[in-house]
Enquirer: 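Mind looking over this structure? Questions follow.
One-based numbering, in listed order, for ligands and for the atoms of each.
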Amino acid sequence: MPPISSIAISHLASGLRPPTAANPTWPNVLHTRIADVVAAMGPAPWARRLIADERQLVTLIAAPPGGGNRPHWHADFDEWWVVFVGHLEWELTGGVVVRAKKDDIVWVPRGTVHHIRNVGTELALRMAVAMPPAIHYYSPCEQCGYTEDGPTEWGA
Ligand SMILES: [Zn+2]
């Protein structure tokens with residue numbers, strides 16, 4: 001059984017203030033244009049953390065056709081994604097398959113293995129929203145058996 005986790009907040013705002021804590025580059029830029037991230041990162045595959053604090057990890061992930069993540073599950077948070085570009089498939093525990101495209105949101109509860117693949121013929125771009133420390137418990141895909149280790153930054 002995974003250990004119980006808790007959130008440690010490293011600092012609090014003492015009052016109202018202008019947004020001076022924003023970074024000049026990701027993560028935590030005041031205004032992110034997705035096209036700028038794509039241009040900066042170059043050809044897929046890649047992943048770029050856009051927002052990170054004690055409660056949220058937001059990552060933009062680019063996958064080439066056929067590309068995907070290493071199947072895994074999370075113990076202490078539900079994860080969700082927004083598809084910006086392309087066609088993606090989520091193979092989930094229990095024989096569930098979700099196919100999603102641009103402007104779709106996919107939500108997966110804790111304890112569900114998710115194997116995400118680009119099933120289209122062009123680049124797929126998704127934004128993952130997770131919670132730190134986002135511990136991954138790797139497990140083969142129940143449906144296709146896929147278990148290969150990919151870059152850890154694809155983990156979300
Ligand atoms: Zn995940």
Enquirer: Parallel, tilted or perpendicular: which describes the rings of H74 and H72, with under 30° parallel and over 60° perpendicular?
Expert: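 The arrangement is perpendicular - the two ring planes meet at more than 60°.
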
Enquirer: Round to 10° and report the angle made at the Zn ion (ligand 1) by NE2 of H114 and NE2 of H74.
Expert: 110°

Enquirer: Is the distance between the ring centroids of W81 and W107 less than 6.0 Å?
Expert: no

Enquirer: Would you say the side-chain atoms of N118 pair up with the backbone N or O of G67, donor to acceptor, closer than 3.5 Å?
Expert: no

Enquirer: Using 2.8 Å as a strict upper limit, say whether an N, O or S atom of H72 approaches the Zn ion (ligand 1) that closely.
Expert: yes

Enquirer: Find, among atoms of E79 that are N, O or S, the one nearest to the Zn ion (ligand 1), and state its name.
Expert: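 Nearest N/O/S atom of E79: OE1.
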
Enquirer: Quickly, which of V83, I34, I61 forms a side chain to side chain contact (heavy atoms under 4.5 Å, CB included) with L125? Name it, please.
Expert: I34

